[in-house]
Amino acid sequence: MNLDHLLLLLSLILLTCTQSDASIPSKQDGFWYENRPAKPDSILIEGFFDPVCPDTRDAWQPLKQAIHHYGSRVSLVVHPFSLPYHDNAFISSRALHVINNLNASATYDLLESFFEHQESFYNAATLNKSRASVIDQIVTFTAKTTGNSDLSDVRAGFSDSKTDQATRVSFKYGCLRGVYGTPYFFLNGFPLPDAGSPISYDGWRHFIDPLVDEQTMKAEEIPHLMR
Ligand SMILES: *[C@@H]1O[C@H](CO)[C@@H](O)[C@H](O)[C@H]1NC(C)=O
Ligand SMILES: *[C@@H]1O[C@H](CO)[C@@H](O)[C@H](O)[C@H]1NC(C)=O
């Protein structure tokens, strides 16, 4: 084989690998808090959350409080990110996708339930259980939490390969953004420091207050310009 042929072969191999990796999903990943997607002038918080991660749990209340403080100026999208050293992270992230398909409004109810009852899904707590029985436990938990969803619908959601695919996409999306721990936050697309640690309410105010001031000032400038 001469060099030209070798190069051609190499580029074919590279092309094939790249294509199979970059299977682009048909819609953007993530769950919008309160069904409130970001507008062009929103302050956007992107959170990468592992539902069975204690630091993610501890990050949630102060973040929620901050979002309620700023109201419609801030939008939050949460991406499930399954840390490989949390045995049940992928299954619980998948449960979020399952419920999001059944009733999108219940997604955050389920996320909060995971935070509240996280201990039942830690590695040590499920060490002696088969994977099948943990899935069963999570199916029952999911249906119970989101009262209106039928157990059989949730079970069917877990058998649907599309929800497996969606959970993989969430994970891959985090990898593409350079996420390596949870919780991991981006504010208007820029990563916040102390990845993997919760941010306090005061911390959020410290990050967001200056951005809100800037926006308010911009809005006030317009009438002056028109005069
Ligand atoms: C969807 O979930 C929301 C929030 O939990 C609940 O209020 C609503 O009744 C649910 N809708 C259906 C059709 O089950
Ligand atoms: C798991 O099984 C081992 C051995 O039987 C036992 O010592 C341990 O307490 C069990 N752990 C749990 C969480 O049930």
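First listed ligand is number 1; within each ligand, the first listed atom is number 1.
Side-chain contact annotation: D209 with Y70, donor-acceptor N/O pair under 3.5 Å present. Looking only at atom types and distance, the side chain of S82 has no donor-acceptor partner in the side chain of D50 under 3.5 Å away.
Residue contact annotation: T146 has no non-hydrogen atom under 4.0 Å from ligand 1.
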**Q.** Test log, rule side-chain contact (heavy atoms from CB on, under 4.5 Å), inputs R168 and F90
**A.** CA-CA 9 Å; R168 293 181 192 207; F90 192 86; 3.9 Å; yes
(Q) Applying side-chain contact (heavy atoms from CB on, under 4.5 Å) to K64 and Y33, what does each step give before you reach the verdict? (A) CA-CA 9 Å; K64 200 171 152 180; Y33 184 58; 3.5 Å; yes
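Of all the atoms in ligand 1, the ones that sit under 4.0 Å from a non-hydrogen atom of A106 are 2 (O). The contact set between ligand 2 and A124, taken as ligand atoms under 4.0 Å from a residue heavy atom, comprises 13 (C). Shown in contact with N128 at under 4.0 Å from a heavy atom are these atoms of ligand 2, numbered in order with element: 1 (C), 2 (O), 3 (C), 8 (C), 10 (C), 11 (N), 12 (C), 14 (O).
Distance check on atom 14 (O) of ligand 2: some protein heavy atom falls below the 4.0 Å cut-off. Within the 4.0 Å cut-off (strictly below), a protein heavy atom is located near atom 8 (C) of ligand 2. Contact annotation for atom 11 (N) of ligand 2: protein present (non-hydrogen atoms, distance under 4.0 Å).
Within the 6.0 Å centre-distance limit, the rings of F185 and W204 are counted as a close aromatic pair. Outside the 6.0 Å centre-distance limit, the rings of H86 and F121 are not counted as a close aromatic pair. Aromatic ring centres of H79 and F49: separated by at least 6.0 Å.
Nearest to atom 1 (C) of ligand 1 by heavy-atom distance, out of D109, L102, I99, N103, is N103.
Residue S105 places no N or O, backbone or side chain, under 3.5 Å from any N or O of ligand 1.
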